Structure formats: structure tokens, C-alpha cells
Amino acid sequence: MHTNDLRRLAGRLMMIRLFGTELDAATADFIRANRIRGACLFRQNMTDAAQLTRFTGDLKDVMGDDVLIALDQEGGAVVRALWVPPPPSAMALGAAGDAALARDVGAAVARAIRAMGFNWNFAPVLDLNNNPQNPVIAERSFGADPDQATALALAWMAGSESEGVACCVKHFPGHGDTHVDSHRDLPTVDKPLSELERFEFAPFRTAAPHAPAVMTAHIVYPALDADHPATMSRAILSDLLRTQWGYEGVIITDGMDMHAIAHRYRAGDAAVNALVAGADMVMAIGNRDTQEETVDAIAAAIADGRLPLEGVHARLERLDRLARAHPAGAVPTTTDAADRALMAQAWRRALTARGNPQRPAPRAKVRLVARQDVVSDGVSEAGVPAGAIAAMLGQLFDVELVTFADAETFDWGALPDDGRFTILASTSRRRYGPHARATWTPDLHLALWNPYQALDFAAPALLTYGFAPPALDAVRAWLAGDIEATGRCPVPGF
């Protein structure tokens, strides 16, 4: 087979990251030359709905009708399009505990992104979060109970499917019980197979017949394969998922530029290893050089038989089937106002009280303490600025704002004991360290992101599972006495 033909086969097995907010000529040429059919867009590719719709339309024009255009629009902190109705995080839906609500939210998310030309959403997360120290999943999980989490995820998926957007469950076979973020390093989940089957595997095994696609985890599971992360493990992708569970959908890798992979393997080798293990599509979201290297490596593996043609065509058929069932192309929505109301209701129903929190009296003197910075961690969007929380509280109280740069070096003892009602607002996913925990206790803790932060202080808390504007609106309504906090945190310890 000619080299160009091999590269065009290789390109069909790749999803690439793009640069900028429009399709430049060089990228279009690269896509055409290699018949790339997949693109994943991130926040830096987006400015507004009109721009993004043009961008996805241009991608469809150059990639063809069987294009797969994806993003991470999970809800909560992991959203890419910020102007659409803001969906609650998975754990917020877990706290509400209503499968019908989860289905409605999944459908509304799909309507919003399909209106901008997307046909694949890398959601929902099926990881069961039972580890309070997990640095990257936390509120992205529906909870810790396999049955409840799976029921909510299936409902969310059904809603998305009803609106023509494919889901992709992740991170198979489970990222919930890790102390390490695979964007930063390679985690290991060292549990007996019986425990993995009872817990981590359970949602994926139940959801597999209904999931159009599964995303792999860059994690080592020694009980199954001590030498390879799941993304490159034949024992996990082929023997377990395909053969034992009979999964017939698409298997796509997580981003191959994540440090768990990129710090250990060359880009081309990593891509080939994943495909040989059983993946259908490699998410080559590095720079153009690594994308070129990935095309070359996959083409070489087809040429020398490491990726037999019969298997390549089976992969292409699965990808084609996914694209045919979920055609790309913008489908305008007329439900924006109703979907915003739905999201606001969902955020309110998630609101959770811990430790009998008390409301300050109307117009009371309040001291708000919050982080200075709310930068993105590369996975999630940036949190809510302290000033926005102060403005919200200022509608009800006389607010003094105090900010800190680092909770472990901040002089908590310097906060005056002057009778002001003290409110700590937690606006990052990062847990508090021993200095902060041992030094100070607020009157009320607003855990506006990671619910596990509520365990760091012996203080009454209000948990939102996210910081979108309707989450803050729900907090304001509770503080005003307009609503009660009826959610129930779906993980142990609360």
C-alpha cells in the first residue's frame, strides 16, 4: 500500500487538538492530506456561539460528513462553552438524586452543544469517587454508590442521545480512587480484582451496552496488567472490555499529551501501543509535530502488520457507525430560556447542608474570606472570583472581604475577633492543609467546588458542587431564607 494511503488510514484513527479560534489554511491542509476525521475543541478555541458554530462548520466542510467534533461539557467546573445554560456537576445531580432530572439535564446539555455543531460529548464521568483526596475527579463523579451513580449516568446519557449527541463514558476502568491526577503523573489503583469488579468496574459494566463510546484511563491496575496503563493494556481494553463484556462501541483514549503518557512514551509509540491494545481512536491533542509523528507511527504499524488491515477496518466501521448515528452540523435550539430555568432548578435541588448551618441576620456584618486567585487547573475552568461572591453576599449583608494567596501561609490568627459573622468561600478543588485546618474555624463554610473541603473545618457548611452563577443564586436564596438545602451528599463522610 502506498505511503499516502497508509497515512490516510492512520488519520482516520486520530482525533486532534486545534489551535486558535478558526480553521487556518495549514491545519486544513494537514487534515485533508491525512483524512483526519476527529477534532476536540477546548476553551481556547472558543469566544462565542457564532464563532464556534462557524468553526465547527468549517471543520465539517474539510473533514467530511462523518466528522466527529467533540468537547468536554460535563457540567460543573468541567465545561468549555461558558455562555450556554450552565449544567450542574455530576455530584450535584447525585445530591439531588433524581434520575428524571439527570435525563433532562443531559438533554439540555446536548441541545446547547449540538446548536454549535458538536456531535460528541466526552461525558458523563462514571468514576466512583470514594477517595476524599482525589485531586481531579471529586464533584465530577455522580457519587460513591455504584447503583445510584450508574442510574443517574444512564439517565443523563439517555437525555443526550435523545438530542442526537453521542456520549463517551470515562475514565475506564475507573479514576475515582486515586491520589494522583493523570494529567500530572501516572496513577496506580492497586486493588484485588474482586474489589475492582465490585466497585470501579460496576458502572462501566452496566453502562457498556448503552454507551456509544468509552474513554480510557491513563492508570495502571496491577490486578489486570502490572506493566501498562489501561490506555495501552490489551488485558483491559481487548480481553476485559471487548471479549468478556462484549462491548461493541468505540474506544477512544484520553488525551495522549497528559503527563501519565507523554512523560513516559514517545507520541507515536504511545498511539500505536493504544491501538494495538484495542483502542479505536487516539486523541492526539499535542502540537502539530506530535500529530505528524502520530500519523507516521500509525501508518508504519499498519504497513508492518502490527495493526492488521482487518482490525483497522473494524475500527473504522465502529467510528463510522458512531458518526452516522450522530450527524454533525449545527441544529439551532429554541429552548435556551427553559433550559436555563431547568439548570437553575437543578443547582437548587443539589444544595446540601452539613452540620446545621445558620443564616446571618439580614444586613448583618459579615466577613468573607476567600482565595485571591481562581486560575484554571488545565482540566476545569477557573473558579468564581472572590469579588463576585462578595457582590452576591452584599445583596443581603454588610460585607468585608479578606483574601489570601496561600491557605498554608496565611495568618488566620490575624483575622479580627470583632463579632462579624465569618464566611469561608472555597473556590478551588484543592483541599486545605494542616495549618489552615488547625488554626481557624469559620461560622459558615461555603464549599463552592470540591465538597470534600467541607471536611477540612469543624464548621457548618453549605455544599454546591460547583460555582456557576445559578449555584451562587441558590446560595443567595438559602441565605435569604427563600429555600432550604435539600440535597444529600452522595459520598461517605457527610
Side-chain angles (χ1 to χ4, degrees), residues 1-19 26-40 62-64 66-68 70 171-172 182-183 186 213-220 225 227-238 241-242 250-320:
M1 189 178 292
H2 192 275
T3 300
N4 287 342
D5 294 330
L6 290 169
R7 286 177 61 88
R8 292 186 188 107
L9 276 179
R12 307 300 285 165
L13 303 176
M14 289 173 53
M15 173 169 281
I16 63 169
R17 187 174 199 152
L18 299 162
F19 311 98
T27 300
D29 289 343
F30 173 73
I31 289 170
R32 289 191 192 96
N34 299 288
R35 294 196 67 206
I36 306 289
R37 58 105 58 85
C40 185
V62 72
M63 288 182 166
D66 59 355
V67 63
L68 293 165
H171 306 82
F172 176 76
S182 53
H183 293 84
L186 180 63
V214 171
M215 181 179 287
T216 68
H218 300 329
I219 300 174
V220 174
D225 187 337
D227 299 320
H228 305 96
T231 294
M232 300 179 181
S233 172
R234 175 175 288 277
I236 293 174
L237 301 188
S238 293
L241 184 56
R242 286 273 186 235
V250 166
I251 301 174
I252 184 170
T253 72
D254 206 344
M256 299 298 271
D257 66 337
M258 292 163 60
H259 292 178
I261 300 299
H263 283 187
R264 288 168 173 79
Y265 305 88
R266 291 186 56 85
D269 294 338
V272 171
N273 290 347
L275 292 168
V276 169
D280 297 310
M281 178 170 265
V282 173
M283 201 188 306
I285 58 173
N287 57 31
R288 180 58 42 76
D289 288 342
T290 61
Q291 292 170 4
E292 291 275 11
E293 180 186 339
T294 299
V295 174
D296 289 340
I298 296 173
I302 297 172
D304 66 21
R306 283 174 291 159
L307 284 172
L309 272 177
E310 181 182 1
V312 169
H313 288 299
R315 290 170 173 83
L316 295 177
E317 173 53 32
R318 283 190 286 267
L319 291 162
D320 290 344

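Everything quoted here is computed from the prediction, not taken from an experiment. As a basis for the values below, the full set of heavy atoms in this structure was taken, side chains included, without hydrogen atoms, waters or symmetry mates.
The distance from the CD1 atom of I219 to the CG atom of D254 is 9.0 Å, given to the nearest 0.5 Å. Expressed to the nearest 0.5 Å, how far CG of L6 lies from CG of N34 amounts to 11.5 Å. With values rounded to the nearest 0.5 angstrom, R234 atom CZ is found 11.0 Å from N273 atom CG. Taking CG from D269 and CD1 from I261, the interatomic distance works out to 12.0 Å, rounded to the nearest 0.5 Å. Atom CZ of R12 and atom CZ of R35 lie 4.0 Å apart (nearest 0.5 Å). One finds the CD1 atom of I302 at 6.0 Å from the CG atom of L13 (value rounded to the nearest 0.5 Å).
Legend: side chain to side chain donor-acceptor pair (under 3.5 Å) pairs involving residues 309-318, not counting sequence neighbours, sorted by first then second residue: D280-R318, E317-R324.
The two residues S233 and D225 have their closest heavy-atom pair at OG-OD2, 2.8 Å. Considering every non-hydrogen atom in both G255 and I285, the closest pair reads CA-CD1, 3.8 Å. Between A10 and A299, the shortest heavy-atom contact is CB-N, 3.7 Å. When every heavy atom of S238 is checked against every heavy atom of G278, the shortest pair comes out as OG-CA, 3.6 Å. Annotation for L18 and A39: closest pair CD1-CB, 3.8 Å, computed over non-hydrogen atoms. For the pair F19 and G286, the tightest heavy-atom approach, listed with the atom from each and the gap, is CZ-O, 3.3 Å.
Summarising the local packing, CZ of R266 is surrounded by 12 or fewer heavy atoms from other residues, nucleotides or ligands at distances under 6.0 Å.
Looking at D66 and L319, their side chains never come closer than 4.5 Å, going by heavy atoms from C-beta outward. M232 is not listed as a side-chain neighbour of T253, based on a closest heavy-atom distance of 4.5 Å or more. The shortest side-chain heavy-atom distance between F30 and V295 falls under the 4.5 Å cut-off. You'll find the side chain of I31 reaches within 4.5 Å of the side chain of I16, heavy atoms only.
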Using the side chain to side chain contact (heavy atoms under 4.5 Å, CB included) rule, take R7 and E292 through it: C-alpha gap first, then chi angles, then the decisive distance, then the call.
CA-CA 10 Å; R7 286 177 61 88; E292 291 275 11; 3.0 Å; yes
Could you go through the side chain to side chain contact (heavy atoms under 4.5 Å, CB included) check for H218 and H171 one step at a time?
CA-CA 8 Å; H218 300 329; H171 306 82; over 6 Å; no
Starting from the C-alpha separation in whole Å, work towards a yes-or-no answer on side chain to side chain contact (heavy atoms under 4.5 Å, CB included) for L68 and M63.
CA-CA 9 Å; L68 293 165; M63 288 182 166; over 6 Å; no
Derivation and outcome, side chain to side chain contact (heavy atoms under 4.5 Å, CB included), residues V62 and V67:
CA-CA 9 Å; V62 72; V67 63; over 6 Å; no
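A side chain to side chain contact (heavy atoms under 4.5 Å, CB included) with L9 holds for exactly one of L309, L307, N4, I298; it is L309.
Under the side-chain hydrogen bond (donor to acceptor under 3.5 Å, both in side chains) criterion, T294 pairs with no residue at all, not counting sequence neighbours.
The main-chain N or O of A217 is found under 3.5 Å from a side-chain atom of T231 such that the two form a donor-acceptor pair.
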